[in-house]
Amino acid sequence: MPRLTNRERIVLFNITKGVDIHSISDSMGISEKTVYSHMAIIMRKIGLKKRVNVGLLPSVYINYLCAGNQSRVVY
C-alpha cells in the first residue's frame, strides 16, 4: 500500500470530494502549484496516469489512504 504524507492525504481527500485546487491551496496555505505537485506525487504513488482516474478509485480505498484527515475537508 502506498504511504502518503499528511499533506498528500489532505489534498487527495479534498480532490475526491470535488474541492477545487484554488480552495485547497487557500485552506492549506500553500500555492496552487504545490497542490498540483502533491497530486502528481500521489498519482505516481498509487499508479495512476491521469488525475480524472482518481474519481474512479473505490471509496473504500480512498478512505483507507485518507484515514484521519476528514477534519481538514474544505467546503
Side-chain angles (χ1 to χ4, degrees):
M1 289 301 205
R3 295 181 132 182
L4 302 179
T5 66
N6 190 44
R7 284 187 173 236
E8 290 168 352
R9 288 183 192 125
I10 294 167
V11 169
L12 178 62
F13 190 79
N14 283 295
I15 289 291
T16 60
K17 296 302 177 193
V19 180
D20 64 278
I21 299 295
H22 180 74
S23 297
I24 295 170
S25 69
D26 281 349
S27 72
M28 293 179 70
I30 59 178
S31 71
E32 291 181 24
K33 184 176 178 180
T34 302
V35 175
Y36 282 113
S37 177
H38 284 310
M39 276 306 300
I41 293 167
I42 291 165
M43 291 172 41
R44 187 184 74 236
K45 286 182 177 181
I46 61 179
L48 297 177
K49 298 210 183 269
K50 295 183 179 181
R51 188 167 37 129
V52 71
N53 292 336
V54 171
L56 301 176
L57 294 172
S59 60
V60 172
Y61 186 57
I62 295 294
N63 290 338
Y64 169 78
L65 291 173
C66 299
N69 293 297
Q70 287 77 6
S71 62
R72 295 290 306 261
V73 177
V74 179
Y75 291 104

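Source: prediction; values computed, not measured. Any value given below was found using the heavy atoms of this structure, including those in side chains, with hydrogens, waters and symmetry copies removed.
- Between S25 and E32 the shortest heavy-atom distance is OG-CG, 3.4 Å.
- When hydrophobic clusters are built by joining Ile, Leu, Val, Met, Phe, Trp and Tyr residues whose side-chain heavy atoms come closer than 4.5 Å, directly or via intermediates, V11 is grouped together with Y64.
- Summarising the geometry, atom CD1 belonging to I62 is positioned 5.0 Å from atom OG1 belonging to T16; distances are rounded to the nearest 0.5 Å.
- Contact annotation: the side chain of F13 never approaches that of V19 to less than 4.5 Å [non-hydrogen atoms, C-beta and beyond].
- Side-chain N/O atoms of S23 and D20 include a donor and acceptor closer than 3.5 Å.
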Residues 33-42, side-chain donor-acceptor partners within the protein, below 3.5 Å, at least two apart:
from	atom 1	to	atom 2	distance (Å)
T34	OG1	S31	OG	2.9

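- Nearest approach of I15 to I21, heavy atoms of both residues: CD1-CD1, 3.6 Å.
- Inter-residue side-chain proximity for L65 and E8 is flagged as unmet; no heavy-atom pair is nearer than 4.5 Å.
- For K45 (side chain) and R3 (main-chain N/O), a donor-acceptor pair under 3.5 Å exists by modelled atom type.
- The line from CD1 of I46 to CG of L4 is 7.0 Å long, rounded to the nearest 0.5 Å.
- Taking CG of L12 as the reference point, atom CG of L57 lies at 8.0 Å (rounded to 0.5 Å).
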